[in-house]
Amino acid sequence: MAKEKDRPTIGTDGVALPILPPERDARVWARLVRIMFYLPGFMALLLIKSGEPAGFGITIELLMLSTASAVVGGLYIGSESAGAGADASSKVGAWSGSLVLELAAVVPFLSALPVIFHELTHSNLLHAHAPDTVDIALGPSEMLPMLAILPFMLYQLAGFGTLGFVVPKSVNWVINILILALIIAAYIANREAHYTVERMLGSSLAILMVITVFYGVLKLKRMQADYDARCPGKPPK
């Protein structure tokens with residue numbers, strides 16, 4: 001991948017070249033893979049140990065999806081190569097891995113956070129060690145962990161994320177609004193003990209993310225292949 005300032009914008013046929021994401025440090029994403037592998041798994045174990053199984057809903061499944069997706073994202077990032085023998089697939093390895101992490105790892109984790117917080121703050125097992133403790137209704141403050149989705153949406157909509165390079169701006173907005181709506185709706189369903197509805201909403205969110213990742217990875221590969229095919233060669237020194 002060439003640096004953005006060195007990239008030609010017009011192909012050899014006179015048509016504009018695809019706008020590819022900027023070059024990214026695969027080592028940073030590899031560190032994020034480790035974080036997203038251990039953190040959701042730890043949170044799942046904590047929830048299983050201290051929470052009430054009846055109130056888990058789809059939370060454990062979302063956390064396991066987040067962990068598994070981190071491993072898959074690491075495979076893509078590990079395939080990144082721009083040296084001799086690199087093809088369109090290997091050139092987009094880091095971008096594809098970042099897309100997997102952003103949508104299939106981070107989004108399920110953010111979706112699970114509000115329910116985890118609610119379960120831990122109302123855990124009978126934790127409160128049993130302090131029988132004199134008075135339960136305090138947290139009220140709307142229980143929604144605070146959900147606010148983490150807002151900086152994530154800003155990350156995507158302001159052009160930091162990979163998704164904005166593979167879908168139009170309007171589609172990017174629609175996807176992010178759907179993510180927010182599904183997370184809020186699933187949390188409300190969990191609080192109202194409508195666990196079947198919560199599972200439907202959580203499953204819809206996961207399916208949406210997987211479909212978007214499939215489309216995004218294939219689109220990145222097509223864009224890179226198109227760029228390589230029509231990119232003008234470097235002028236001789």
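In this text, all values refer to a predicted model and were calculated from it rather than measured experimentally. What you see below is based on every heavy atom in this structure, not just the backbone, and it leaves out hydrogens, waters and symmetry mates.
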Q. Can you name the closest pair of heavy atoms from G159 and F165 and give their distance?
A. O-CE1, 4.1 Å
Q. In the single-linkage hydrophobic clustering (I, L, V, M, F, W, Y; side-chain heavy atoms under 4.5 Å), do V197 and I188 co-cluster?
A. yes
Q: Would you check if D228 and K91 make a side-chain contact, meaning some heavy-atom pair closer than 4.5 Å?
A: yes
**Q.** G93 backbone acceptor or donor facing S96 side chain under 3.5 Å
**A.** no
Q: Go through Y187 and R191 one step at a time and tell me if the side chain to side chain donor-acceptor pair (under 3.5 Å) criterion holds.
A: CA-CA 6 Å; Y187 174 69; R191 290 299 307 275; 3.1 Å; yes
Q: Starting at CZ of R199, measure out to CG of N190 and round the result to the nearest 0.5 Å.
A: 10.0 Å
Q: Flag yes if more than 12 heavy atoms outside K219 fall under 6.0 Å of its NZ atom; otherwise flag no.
A: yes
Q.
Would you say Y155 ends up clustered with L182 if hydrophobic residues are merged whenever their side chains have heavy atoms under 4.5 Å apart, either directly or through other cluster members?
A. yes
Q. Are L63 and I116 side-chain neighbours, meaning at least one heavy-atom pair lies under 4.5 Å?
A. yes
Q: Can you measure from CG (L99) to OH (Y215) and round to the nearest 0.5 angstrom?
A: 11.5 Å
(Q) Looking at N176 and N172, would you say the former's side chain and the latter's main chain have a donor-acceptor pair under 3.5 Å? (A) yes
Q | Interatomic distance, C231 atom SG to I10 atom CD1 [nearest 0.5 angstrom] | A | 11.5 Å
Q | For the student: nearest non-hydrogen atoms of I58 and E198, plus distance | A | N-OE2, 3.6 Å
Q. Is the shortest heavy-atom distance from the side chain of L103 to the side chain of Q156 under 4.5 Å?
A. yes
Q. How about L39 and S66: do any of their side-chain heavy atoms sit closer than 4.5 Å?
A. no
(Q) How long is the straight-line distance from CE of M200 back to NE2 of H194, given to the nearest 0.5 Å? (A) 13.0 Å
Q) Considering all heavy atoms of both residues, which atom of L65 and which atom of A206 are nearest to each other, and what is their separation? A) CD2-CB, 3.8 Å
Q. Does S79 use its side chain to pair, donor to acceptor, with the backbone of Y76 at less than 3.5 Å?
A. yes
Q. Which atoms form the tightest heavy-atom contact between W95 and P21, and what is the distance?
A. CZ2-O, 3.0 Å
Q) Roughly how far, to the nearest 0.5 Å, is the CG atom of L205 from the CG atom of L180? A) 10.5 Å
Q.
Just to verify, which of T212, I183, L208 counts as forming a side chain to side chain contact (heavy atoms under 4.5 Å, CB included) with L178?
A. L208
Q) Between I77 and A30, which heavy-atom pair has the shortest distance, and what is it? A) CD1-N, 4.4 Å
Q | Joint cluster assignment, F160 & L150, ILVMFWY side-chain distance < 4.5 Å | A | yes
(Q) Tell me the closest heavy-atom pair linking P18 and Y227, and the distance in Å. (A) O-CD1, 4.0 Å
Q) Counting N and O atoms only, with roles assigned by atom type, does the side chain of T67 sit under 3.5 Å from a partner on the main chain of M64, one being a donor and the other an acceptor? A) no
Q. V171 and V213: same hydrophobic cluster, using ILVMFWY side-chain contacts below 4.5 Å?
A. yes
Q. Side chain of W173, backbone of P168: donor and acceptor closer than 3.5 Å?
A. no
Q | Stepwise side-chain contact (heavy atoms from CB on, under 4.5 Å) test for M223 and L20 | A | CA-CA 7 Å; M223 291 168 62; L20 297 169; 3.7 Å; yes
Q | Heavy-atom donor-acceptor pair, E102 side chain to T162 backbone, under 3.5 Å | A | yes
Q: Could you grab the distance from atom CE of M43 to atom OG1 of T59, nearest 0.5 Å is fine?
A: 10.5 Å
Q: Group every Ile, Leu, Val, Met, Phe, Trp and Tyr by side-chain heavy-atom contacts under 4.5 Å, then state whether V71 and F214 land in the same group.
A: no
(Q) Using a 3.5 Å distance criterion without hydrogens, assess whether the side chain of R230 forms a donor-acceptor pair with backbone atoms of V15. (A) yes
